[in-house]
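Accompanying notes for the structure given below.
Letters A, B, ... mirror the listed sequences (proteins, then strands); counts begin at 1.
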There are 2 protein chains.
Amino acid sequence: MRATIHDVAREADVSLSTVDRVLNGRAGVRKATVTRVNDAIARLGYQRNVEAANLAKKRLYRFVVLIPDGPNAFMQSLRDGLAALGPLLAPDRIELQALAIPAFDAAALATRLDGIAPGTVDGVAMVATEGRAVSEAVARLQAQNVPVVTLVSDLPGSARARFIGIDNVAAGRTAAGLLGRFCEKTPQKLAVIAGSMLVRDHVERRLGFEQVIRTEYPHLEILPTLEGRDDAAVVHQGLQALLAAHPDIGGIYSLGAGNRGLIRALDGARHTPRPAIVVHELTPHTREALISGLFDAAINQDPARELRAVVAVLRALVDRAPIDPIIERIGVEVFLRDNLA
Amino acid sequence: MRATIHDVAREADVSLSTVDRVLNGRAGVRKATVTRVNDAIARLGYQRNVEAANLAKKRLYRFVVLIPDGPNAFMQSLRDGLAALGPLLAPDRIELQALAIPAFDAAALATRLDGIAPGTVDGVAMVATEGRAVSEAVARLQAQNVPVVTLVSDLPGSARARFIGIDNVAAGRTAAGLLGRFCEKTPQKLAVIAGSMLVRDHVERRLGFEQVIRTEYPHLEILPTLEGRDDAAVVHQGLQALLAAHPDIGGIYSLGAGNRGLIRALDGARHTPRPAIVVHELTPHTREALISGLFDAAINQDPARELRAVVAVLRALVDRAPIDPIIERIGVEVFLRDNLA
DNA sequence: GTCGTTGTGACTAACGTACGTCAAAAAAAA
DNA sequence: TTTTTTTTGACGTACGTTAGTCACAACGAC
């Protein structure tokens, strides 16, 4: 049988009320008494029964999740997953509110964050775009005791409590390891397509990618990064030009979205031999391109799992409970045409 | 505000007691009244507050996990993970009991299962070895309302409620896709090392592997599977003989354990060019071999995550609650030397 | 000494459910 | 109809915690 506050009260030789005052940080308890109670708690290994506490408090967890708007298929699946998750969380008294924000727009994100009324929300998660204003808005929220976590793309150097997402440097290194082995062993060029260098996940993926290519595959030359803004039309145009300018492109790493543009550009240019291609995220389009053999590998993060991790972490943060490192950890999955589910 | 049993009672125009009888399947309620109550529940969208119910019931979840004994590093990490998980689950009134069983021994497993007293355990998880006696023991437990889930290795055709683990066919296909691309394009042979064909995960991995190699890489010839019983010494000896007999082995897929034996055999035989090697599970030894460049890829499943999934699924099963498909899903991770954490 | 302040204890009503008892009502059987 | 059986209602207590009220000390300041 677990110890209860009654046991603690008896052990510390104080009343129930005093234990409650200590436990919930209420005023009116002498320092010496606080120590007595805490000692008793430690001695008994008392742990508050969160279920009973929540029942008594009628606690409600109100979380806001900010996800970029637009045609990005991954963000779309994140939004869909959020909508699907809502009903599942009702029994735990967790309410999720989705908020759409313009992609790659730090100012808009900061404005949205500042628009969150402190009393109405218990935690915030966001796919971050880097910017001073954003970091400051995060700091304000945290100061108001509203925990903020970043999702998919981090905001390093800010006050955000946690980052939920894959290790993007490792993802970039994985892409490089695969592409390095898939490419012929003769000198050739690699194209890198990113969305924007304003989002940290893209920056980190490119960093990891370059680390490995430079040190392990020096015969491969990395071309300047094409910024496609996760937009198929922009990617299409940019890549078309790149392929025309460099007939010896042997591999392509697409570390952002807009892969429809990549597919179209390759369909247009009859490049032989076909370059090896590693992309990010399993979406209907990338899946199809894997099956047809156009893409060689897709590095995937599971959005549904990330959302569950966000909820678990935010909950632990508001409860000031320890965070399970396993729940928090998001794995990098590699899909080839051969192992598509 | 969520509906409570009070609301349901009012809506159905019956007393609290009757709602309780219906909800908990107690006898003494007319069929017509049951329908009235259930209609009210549906109309209000009532969901039982599990926390309050558990509080009232002083519910305790007692789960038993059966994990193979022996030097297998992956099973060792499962056992370690289980021990570490125990304290984390105490607040949720979940008790985990680890039970070691001999590896690849269906009879011993069945005996252990039969030795579980029905009243003392609420759920069972096991790393299964296939066998008729095992399936029958599982059926008996399930019949006694003790849910059984398989972990890591499945027991298809049995009454087990769920399987928690990776898609092993997909894992084998992944290995084949990688090895096919890593190997030279000239005809050569592939060695496959398994633990035993008595465990389903190994069977399925080999199946997936052969599917892909046969159809996509017909120039690669798969040698008869070496059964190493997850034992380094057996693997060492067997592989040594195999390498001596076939100087043209260009790739090795080790889908079980005992990789220390694989490493030793390769260190002994100075095989050039070094064969491409894909193994399973990140352990200290496979990690080291990846870094040194001896292994090319390791396919990993996260044991800690699997254990958490087991607990979540067993809990949902005893509560007859819906199972979140995302929690249940275990991803296949691919590690190259480049993306080791 | 009286005053206000601070620390403490005793008590109570919730939160939503489980589960028991007992009596009353309704339905079925005699 | 009466008797028996089945069905239903009313009520109480419990689970562990929160959060409030009220009373009464002990303490120092004046």
Of B:L23 and A:S15, the one whose nearest nucleotide on DNA chain C sits closer to the 5' end is A:S15
So, OP1 or OP2 of [N]: does either fall under 4.0 Å of a side-chain N or O from [X]?
{"X": "A:R21", "N": "C:dG7", "result": "no"}
{"X": "B:S17", "N": "D:dA10", "result": "no"}
{"X": "B:N49", "N": "C:dT17", "result": "no"}
{"X": "B:R48", "N": "C:dG16", "result": "no"}

I want to verify a distance call: between [options], whose nearest atom is closest to the [X] side chain?
{"X": "A:T18", "options": "D:dG9, D:dT17, C:dG9", "result": "C:dG9"}
{"X": "A:Y46", "options": "D:dA14, D:dT17, C:dC19", "result": "D:dT17"}
{"X": "A:R30", "options": "C:dG7, D:dT18, D:dC15", "result": "C:dG7"}
{"X": "A:T33", "options": "D:dG16, C:dA18, C:dT8", "result": "C:dT8"}
{"X": "B:V14", "options": "D:dG9, D:dT18, D:dA14", "result": "D:dG9"}

For a 4.5 angstrom cut-off between non-hydrogen side-chain atoms, does A:V64 reach A:L96? no
Under 4.0 angstrom, heavy atoms only, what part of the nucleic acid is [X] near: base, sugar-phosphate, or nothing?
{"X": "A:D13", "value": "sugar-phosphate"}
{"X": "B:V50", "value": "nothing"}
{"X": "A:N54", "value": "nothing"}

Output the rounded distance in Å from [atom1] ([X]) to [atom2] ([N]).
{"X": "A:H6", "N": "C:dA10", "atom1": "NE2", "atom2": "P", "answer": "12 Å"}
{"X": "B:K58", "N": "D:dT13", "atom1": "NZ", "atom2": "C1'", "answer": "13 Å"}
{"X": "A:R10", "N": "C:dA10", "atom1": "CZ", "atom2": "P", "answer": "13 Å"}
{"X": "B:K31", "N": "D:dT6", "atom1": "NZ", "atom2": "P", "answer": "15 Å"}
{"X": "B:D92", "N": "D:dC15", "atom1": "CG", "atom2": "C1'", "answer": "16 Å"}
{"X": "A:R26", "N": "D:dT21", "atom1": "CZ", "atom2": "P", "answer": "12 Å"}
{"X": "B:I5", "N": "C:dT17", "atom1": "CD1", "atom2": "P", "answer": "5 Å"}
{"X": "A:E51", "N": "C:dA18", "atom1": "CD", "atom2": "P", "answer": "13 Å"}

Tell me every residue that passes side chain to side chain contact (heavy atoms under 4.5 Å, CB included) with B:L44, counting only those two or more places apart in sequence or in another chain. B:A3, B:D7, B:V8, B:E11
Any side-chain donor-acceptor pair under 3.5 Å between [X] and [Y]?
{"X": "B:D92", "Y": "B:Y61", "value": "no"}
{"X": "A:E333", "Y": "A:Q301", "value": "no"}
{"X": "B:N38", "Y": "B:Y46", "value": "no"}

Ion pair present between B:D114 and B:R140, side-chain N to carboxylate O less than 4.0 angstrom? yes
Tell me whether B:E130 is salt-bridged to B:R200, with the criterion being a basic N under 4.0 Å from an acidic carboxylate O. yes
Just how large is the angle between the end axes of the helix from C:dG1-D:dC30 to C:dA29-D:dT2, five pairs per end, to 10 degrees? 30°
Please test B:T150 against B:R162 for side-chain contact (heavy atoms from CB on, under 4.5 Å), starting from the C-alpha separation and ending with a verdict. CA-CA 6 Å; B:T150 47; B:R162 296 271 168 158; over 6 Å; no
Pick the closest DNA chain D nucleotide for B:G28 and for B:A56 by heavy atoms, then say which residue is nearer the 5' end. B:G28
